[in-house]
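For reference, the structure is listed below as structure tokens.
Each chain gets a letter, A, B and so on, in the order its sequence line appears, and its residues count up from 1.
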There are 2 protein chains.
Amino acid sequence: MAVRQVTIKDIAREAGVSPSLVSFVMSNSVAGKQLYRVNCETSKRVLAVAERLQYKPNNTARALRSGKTGTIGVVLSDISNPFFAEIARFLEDAAYSYDYNVVFASTDEDPEKFRRVVNVLINKGVDGLILVPCGGTEDIIRGLVTGCVNTVLLDRTVPDLEVSSVVLDNRAAARTITDELLSRGAKRIDMVSYSMQISNTRDREQGYLDAMAAAGLAGSTHIERVAHNNYGSVADYVREAKDRGVEAFMIATNTLSLQVISEIYKSGCRIPEDFKVACFDRNPLYDIYGSGIVYVRQPVDAFASKAMELVMSHIKSKSGKKHPVEQIVLSPEITG
Amino acid sequence: MAVRQVTIKDIAREAGVSPSLVSFVMSNSVAGKQLYRVNCETSKRVLAVAERLQYKPNNTARALRSGKTGTIGVVLSDISNPFFAEIARFLEDAAYSYDYNVVFASTDEDPEKFRRVVNVLINKGVDGLILVPCGGTEDIIRGLVTGCVNTVLLDRTVPDLEVSSVVLDNRAAARTITDELLSRGAKRIDMVSYSMQISNTRDREQGYLDAMAAAGLAGSTHIERVAHNNYGSVADYVREAKDRGVEAFMIATNTLSLQVISEIYKSGCRIPEDFKVACFDRNPLYDIYGSGIVYVRQPVDAFASKAMELVMSHIKSKSGKKHPVEQIVLSPEITG
DNA sequence: TTATATTGTTAAATCGTTATAACTATTTAT
DNA sequence: ATAAATAGTTATAACGATTTAACAATATAA
């Protein structure tokens, strides 16, 4: 695209040395195992020429030869979802700190799309994958792991699989915010969740049930499971819940929260007067409007840095060797 | 990383043909200029073998030889900002529709960071760049354009430069929402803006001034320019504005809006009773709380698809030739 | 019938780097 | 003094594709 690349050969010619030597000089700073001994004088001369000619190493060639692209693929539900957008940003920065790049792909919770983008990323030649699995991707992930692809799961995990992961302690988080609703006087608390089969949602449901049971309300639990992207059903449900005398909602995800809160207001009700609300993920306006919404603040930065750390350790540990699988569970913060 | 790549040679051996032929078969579907004539039978046989061996072309090798990576670099302010996150998603999808990938980098409005990430992306070998310029990047962008790097500017433009761009009609948008505030009875309207020197902010300020002047209020305009990421100053300003008898705010960006709205509520005031507010960019909660905030809804999908279209047309038009520069201005929608 | 196109295929160069083995020249050990 | 080790460097073969030129073999034209 640009003018013409200055190659290692140009430098070699100009500096009166062989291309190999230039290569050694260039990669000496990050010398892996064996430090190639090169004369300090020549090294300086080569670097000077490189500087003068404005040499920029060709990463494609480097990648082809070395098998390492310096890129991590990140597959998530939807990068426009604020939760993932924030993670994306931290991942970008984390990757940068390792001199790596990151390339994102969204799945919209569709396992077929998941498979597709994972394949595209692998073909592009990523050194590792950070994945937010969606329902129905267990086999794909198992395939990656057995195929020795450096894989780290984020936000959600897959049971019975030897794979590294970084997730929230969802069960504890859910229990805590449900407890908070209880302590604010609510007894009839519904949980609104997704019908997808993903670990974090299931754990959150369990936390809700834990809290209710501990409060002696095991009999009056209700989990409303909404299909992903089915907005209509939420409206009906909120109306129905109101009739049923529900006093509070515990909501499993940020997108769902916006829908439920929207329906509450549309039906002329207020928070917290008519309904108390607890949910996952922060929204700046929750605080601003002083709406009294209790929410779980996920340590998004830790998600990103830990996931990146894990995938890097996988990459470092020579492929072929057994993966240093590590499953990290992070603690939530509660606000509101 | 994975097991071992199936190469074009494996297929050649298995199918009893030469590697070249396999290459022809593989790239025949996307035959550029010259369609290489290959026997239908052999073609089928080769494809069958490829299918059986689960051949996945090595994009790195392909990129090295062909000089095309199939990747577009996107440089924006901050991918965790909802406005850019949404654009990111649309860009991802748009790229995919061209069989391309997209890699993002955030600048935090820092020209030095901008220069750095642009260089990283170029070294990685992107086929084109979509850039959201920040203040102080004019020279860098000029350098790219003269260096024949396929460049498209997004959301903001750089004056006096022959470069393709996709921006909102910011002046018209700003005028419209200011008019809306006026029609709702506000006379003392302040504009809150950033002190950065970027085209869209300047245009929005002009639109505000246009509307005020047309209403005969040229004398009572006030533009408060806040430094990027300087939260403290907003609090002081809102207090001061209240004392000054300001009735409405016209706010230049989404992040700034959240700050101003937050301060309004913190100071015990309400929207729209105490202050009317007009701003840029949607936030789902604006609608939900029925807060009566007027806002400009930017056609984010069109931003993305147009920008991708432009960069693709640059790529198609043989490098060396004159760029088909095109500057697109999109119309806003107003809600509230 | 001889010359010329056309079809189907292949050999070989190339993209820009890395990595291995080998090769001097010099130093150190014996 | 000879062998062995070391420092500094280079030649060369990859990496996995694309692409150009060339080559048979056959078909068409003159």
Side-chain angles (χ1 to χ4, degrees), chain A residues 1-46 50 53-70 122-125 127, chain B residues 1-46 50 53 55-70 122-125 127 319:
Chain A
M1 158 168 87
V3 251
R4 197 191 80 85
Q5 271 223 28
V6 175
T7 82
I8 228 170
K9 276 185 190 168
D10 298 320
I11 300 178
R13 188 174 347 95
E14 203 82 357
V17 295
S18 74
S20 320
L21 189 56
V22 178
S23 172
F24 289 152
V25 172
M26 290 306 161
S27 51
N28 216 11
S29 46
V30 282
K33 43 182 181 182
Q34 183 171 1
L35 186 98
Y36 278 89
R37 47 227 145 83
V38 22
N39 185 290
C40 191
E41 293 281 305
T42 5
S43 175
K44 269 186 195 131
R45 184 155 39 95
V46 167
L53 300 187
Q54 293 218 58
Y55 170 72
K56 300 274 157 44
N58 180 320
N59 274 279
T60 309
R62 202 174 257 193
L64 176 59
R65 183 63 243 249
S66 67
K68 305 239 151 292
T69 54
I122 290 182
N123 291 164
K124 281 268 166 183
D127 295 344
Chain B
M1 158 170 85
V3 250
R4 193 190 82 84
Q5 271 222 28
V6 175
T7 82
I8 226 171
K9 278 186 190 167
D10 298 321
I11 300 178
R13 192 177 340 98
E14 202 82 0
V17 295
S18 74
S20 322
L21 189 55
V22 178
S23 172
F24 290 151
V25 171
M26 289 307 163
S27 51
N28 216 10
S29 47
V30 280
K33 41 181 180 182
Q34 182 169 4
L35 186 98
Y36 277 89
R37 47 231 142 83
V38 21
N39 185 290
C40 191
E41 292 282 302
T42 4
S43 176
K44 269 187 194 132
R45 184 155 40 95
V46 167
L53 299 187
Y55 170 72
K56 299 275 160 40
N58 180 320
N59 274 280
T60 308
R62 202 174 258 196
L64 177 59
R65 183 62 243 251
S66 67
K68 306 241 150 291
T69 54
I122 289 182
N123 291 165
K124 282 268 166 183
D127 295 343
S319 48

Side chains of A:Q5 and A:N58: does their closest heavy-atom pair fall under 4.5 Å?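 In contact.
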
May I ask you to evaluate whether A:S23 reaches the phosphate of C:dT18, defined as a side-chain N or O under 4.0 Å from OP1 or OP2?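 Checking A:S23 against C:dT18: at least one side-chain N or O falls below 4.0 Å of OP1 or OP2.
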
Whole-Å distance between [N] [atom2] and [X] [atom1]?
X	N	atom1	atom2	result
B:M26	D:dT18	CE	P	9 Å
B:K68	D:dT19	NZ	C1'	15 Å
A:L21	C:dA22	CG	C1'	15 Å
B:I11	D:dT18	CD1	P	11 Å
A:K56	C:dC15	NZ	P	21 Å

For B:A63 and A:T60, which heavy atoms make the closest approach, and how far apart are they?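 In this case the closest contact between B:A63 and A:T60 is CB-CG2, 3.6 Å.
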
Quick one: closest heavy-atom pair of B:G70 and A:K124, and the distance?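 What the structure gives for the nearest pair is O-NZ, 3.1 Å.
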
Pick out which of B:V22, B:V25, B:V17 makes a side chain to side chain contact (heavy atoms under 4.5 Å, CB included) with B:T42.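 Exactly one option meets the side chain to side chain contact (heavy atoms under 4.5 Å, CB included) with B:T42, and it is B:V17.
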
Nucleotide of [options] approaching [X] most closely (side-chain heavy atoms):
X	options	value
B:F24	D:dT10, C:dT10, C:dT18	C:dT10
B:S20	C:dT17, C:dA19, C:dA12	C:dA12
B:T7	D:dA17, C:dG16, C:dG8	D:dA17

Which part of the nucleic acid does A:P57 contact within heavy-atom distance under 4.0 Å: base, sugar-phosphate only, or nothing?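 Contact class for A:P57: sugar-phosphate only.
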
Axis bend over the full length of the helix from C:dT1-D:dA30 to C:dT30-D:dA1, computed from five pairs that close each end, to 10 degrees: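 Rounded value for the end-axis angle: 50°.
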
Just jot down the side chain to side chain contact (heavy atoms under 4.5 Å, CB included) partners of B:K9, sequence neighbours excluded, or say none.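 In terms of side chain to side chain contact (heavy atoms under 4.5 Å, CB included), with neighbours along the sequence ignored, B:K9 is linked to B:T7, B:P19.
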
For A:S18 and for B:T60, locate the closest nucleotide of DNA chain D by heavy-atom distance; then report the residue assigned to the nucleotide nearer the 5' terminus.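 This one resolves to A:S18.
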
So, taking the atom named CD1 in B:I8 and the one named CE in B:M26, what distance separates them when rounded to the nearest 0.5 Å?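 Nearest 0.5 Å value for the CD1-CE distance: 6.5 Å.
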
Using a cut-off of under 3.5 Å, enumerate the N/O to N/O pairs linking the protein to nucleotides 13-15 of chain D.
residue	atom	partner	partner atom	Å
D:dA14	N3	A:R65	NH1	2.9
D:dC15	O2	A:R65	N	3.4

